[in-house]
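Single-structure report; data block below.
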Amino acid sequence: MPPLGLGVDLGGTNARAAVVDTDTGEIVAAHKEPLRDRSPPRVVEVVSHALREAASAAGVDLAGVRSVGVGVAGQCLGATGVVLNAPNLAWRDVPFGEMLRTAIGVPVRLANDLSVAAWGEKRFGAAKGIDDVVLVFVGSGVGSGLILGGRLHDGAQGVAGEFGHVKVRPSRPDTRPRRCGCGMTGCLEAYTSGMNVAARVREEVAAGAPTSIATLAGGDLSRVSASLVDDAYRGGDPYARALWEEVGELLGTAIANLVTILNPARLILGGGVLLGCPALAAIVQARFDAAVSISATTGLSVERAWLGDDAGVIGAAVLD
Ligand SMILES: [Zn+2]
């Protein structure tokens, strides 16, 4: 039997557990369950059950494994297993690592979902064999995962890489300050994540902004999304153009600053907003090129994430 590891991807709507071949990154067995009730004790039950199902499908005795890795969509104190803040789960200061360890009788290692995704990409994906890696994800949320000197960099408290919560200053004079899911205002995520872009467009359309986006959404504002803004942009819609110029500048400049500071050999881009909105991606690229320190781009290569939705469970299963 190959060497196996167990990983969990804990998002806001589902928990997915997988048994992974730690030599190849191949998922041997996986089990996904919806989170109907997000209270911590219920989530512990769901995650424990998902782990038992995945382990049993792979013929693994859960009690015999060395540890279980968990990637959580939120800020985690990696060393203590405490989830500080997970807006999608409505959790603050939840000792999830300890609760899960008690439930399954196996040590638990907790990390931010994008940290484990970056680790998965470093071990088996778009950054295999590369020691200095920055992964930037712009989807429903915004975040990053950092690999520095071959190691996952999670900082003194385990909360490094919270890229969505760096503060930015939008360029348009009519852009209102936006509150972020973390409770602060002015976060990059509040202006650029798919959920926040859609919320902003809905508000501005309701306030009378002239744009074709409502028509593209079939008159149903609940269908407004970043990809519809991208469609409108490519159709020449002036509102979408102004919005994308602002969002693209914020993202391109912030990513350039990250690369200037950390000098990675590989930048990995992921998430539906960055990968599914070609017009926005072109603006991000132009703003990145204009802002990044040239010396930090020598030897830099940019790749799309390879592992997709599997990066989290795979990276979690091979957390050291
Ligand atoms: Zn924030």
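For ligands, and for the atoms within them, numbers begin at 1 and follow the listed sequence. Quick note: numbers below take in every heavy atom, side chains included, and nothing from hydrogens, waters or symmetry partners.
The Zn ion (ligand 1) has His165 ND1, Cys180 SG, Cys182 SG, Cys187 SG as protein N, O or S atoms under 2.8 Å away.
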Donor-acceptor pairs under 3.5 angstrom involving side-chain atoms of residues 294-303: please list them, not counting sequence neighbours.
unit_1: Ser295; atom_1: OG; unit_2: Ser293; atom_2: OG; d: 3.0
unit_1: Thr297; atom_1: OG1; unit_2: Ile294; atom_2: O; d: 2.7
unit_1: Ser301; atom_1: OG; unit_2: Ala265; atom_2: O; d: 3.4
unit_1: Ser301; atom_1: OG; unit_2: Arg266; atom_2: NE; d: 2.9
unit_1: Ser301; atom_1: OG; unit_2: Arg266; atom_2: NH2; d: 3.1
unit_1: Glu303; atom_1: OE1; unit_2: Trp306; atom_2: NE1; d: 3.2

Using a 3.5 Å cut-off and no angle test, enumerate the donor-acceptor pairs between side-chain atoms of residues 51-66 and protein atoms at least two apart in sequence or in another chain.
unit_1: Arg52; atom_1: NH2; unit_2: Ala103; atom_2: O; d: 3.3
unit_1: Glu53; atom_1: OE2; unit_2: His49; atom_2: NE2; d: 3.4
unit_1: Asp61; atom_1: OD1; unit_2: Ala63; atom_2: N; d: 3.2

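Heavy-atom minimum distance, Gly5 versus Thr22: N-CG2, 3.4 Å.
With hydrogens and angles ignored, the 3.5 Å screen pairs a side-chain donor or acceptor of Tyr191 with a backbone N or O of Arg178. A donor-acceptor distance shorter than 3.5 angstrom exists from the side chain of Lys167 to the backbone of His165, with no hydrogens or angles considered.
A search for side chain to side chain donor-acceptor pair (under 3.5 Å) contacts involving Arg234 returns Asp230, Asp231, not counting sequence neighbours.
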